[in-house]
Amino acid sequence: REAVLALGSRDLRALAPAGVRVRVEPARESDLAELTANSAEQHREDLREDREAADESAFRQRHAQDLRDGRWWVVRERGRIVFQVHVGAATPRAVQLGGVFVPADSRGRGIAKTGVRAICAKLLDRHELVTLYCDENNAPALRVYEHVGFRFEFFNRSYLLEQPSARSEQLGYG
């Protein structure tokens, strides 16, 4: 099960005065390899599956397209990505985050909290709500989202289906 969380501008919490300040910015074309590697690791950790290994070319192409579309945002330290987030589905009222990731060697320093807060502050300038799904057993992530001000809405269960084969699409079943 996944907790569906939501955050409005009234919910967004300020960081403590001693908190780490970060600059979240759109990912660049030159970030693609690092971003894709991080995303593959995030899928292995969070979803316990290796989508990159299943179809490396498609995985990379999807990330490249999302990068070109401005859907990936990052925080860098000394030129290296230390936080990344995917800005997904959006309506005029709400936008959904996914793929929140901090590489293992950068964890424990508040980067996730400040990165999530920074992207939410940007998104709340244009949307009433920021939403996301989080596995109910991912306690570290849930703590991050609670710290930023997300509130629990309900539980959801996602089912990920295989894409239909080209043959199925040609027959009109895809």
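Everything numeric here is computed off the predicted structure, so don't read it as measured data. Reckoned from all heavy atoms, side chains included, excluding hydrogens, waters and symmetry mates. Positions are given from 1 along the sequence.
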Checklist entry - From Gln96 CD over to Leu129 CG, what is the distance, rounded to the nearest 0.5 angstrom? => result 12.0 Å
Checklist entry - Looking at Val95 and Gly88, what are the two nearest heavy atoms and their distance? => result CG2-O, 4.4 Å
Next on the checklist: Quick check against the 3.5 Å criterion: does Asp31 have a side-chain atom that pairs as donor or acceptor with the backbone of Arg28?
Outcome noted: yes
Checklist entry - Considering only heavy atoms from C-beta outward, does the side chain of Leu5 approach that of Leu142 to under 4.5 Å? => result yes
Checklist outcome for this item: Across all chains, not counting sequence neighbours, the side-chain contact (heavy atoms from CB on, under 4.5 Å) partners of Ala121 are Leu12, Arg117
Checklist entry - If Ile, Leu, Val, Met, Phe, Trp and Tyr residues are connected whenever their side-chain heavy atoms lie under 4.5 Å apart, and connections chain through other members, are Leu35 and Val116 in the same group? => result no
Next on the checklist: How long is the straight-line distance from CZ of Arg23 back to CD of Glu77, given to the nearest 0.5 Å?
Outcome noted: 13.5 Å
Checklist outcome for this item: Closest non-hydrogen atoms of His63 and Leu32, given as atom of the first, atom of the second and distance, are C-CD1, 4.0 Å
Checklist outcome for this item: dist Gln84:CD -> Ile119:CD1 (nearest 0.5 Å) comes out at 12.0 Å
Checklist outcome for this item: Taking every heavy atom of Leu124 against every heavy atom of Leu7, the minimum-distance pair comes out as CD2-O, 3.8 Å
Next on the checklist: Applying salt bridge (charged side-chain N to carboxylate O under 4.0 Å, His left out) as the test, list every pair that has at least one member in residues 119-131; sequence neighbours left out.
Outcome noted: Arg93-Glu128
Checklist entry - Do Asp135 side-chain atoms and Asn137 backbone N/O form a donor-acceptor pair below 3.5 Å? => result yes
Checklist outcome for this item: Residues at least two apart in sequence or cross-chain that pass salt bridge (Lys or Arg N to Asp or Glu O under 4.0 Å) with Asp66, listed by chain then number, are none
Item to check | Ile111 versus Thr114, closest heavy-atom pair with distance | outcome: O-OG1, 3.2 Å
Checklist entry - Residues two or more places apart in sequence or in another chain: which of them pass side-chain contact (heavy atoms from CB on, under 4.5 Å) with Phe155? => result Arg1, Ala3, Glu136, Phe152
Checklist outcome for this item: Here the pair of heavy atoms bringing Tyr145 nearest to Cys134 is CE1-SG, 3.8 Å
Checklist entry - What are the two closest heavy atoms between Val87 and Leu97, and how far apart are they? => result CG2-CD2, 4.0 Å
Next on the checklist: Strictly by ring-ring contact (aromatic ring centres under 6.0 Å, His included), give each pair with a member in residues 75-120 just once, sequence neighbours left out.
Outcome noted: Trp72-His86
Checklist entry - Rounded to the nearest 0.5 Å, how far does CG of Leu123 lie from OG of Ser9? => result 12.5 Å
Item to check | Between Gln65 and Arg62: side-chain donor-acceptor atoms closer than 3.5 Å | outcome: no
Item to check | Note, Val144 side chain near Phe150 side chain (heavy atom, < 4.5 Å) | outcome: no
Checklist outcome for this item: Contacts of Arg80 meeting side-chain contact (heavy atoms from CB on, under 4.5 Å) (sequence neighbours excluded), chain-then-number -> Glu34, Val82, Pro103, Asp105, Ser106
Item to check | From OG (Ser39) to CD1 (Ile81), nearest 0.5 Å | outcome: 10.5 Å
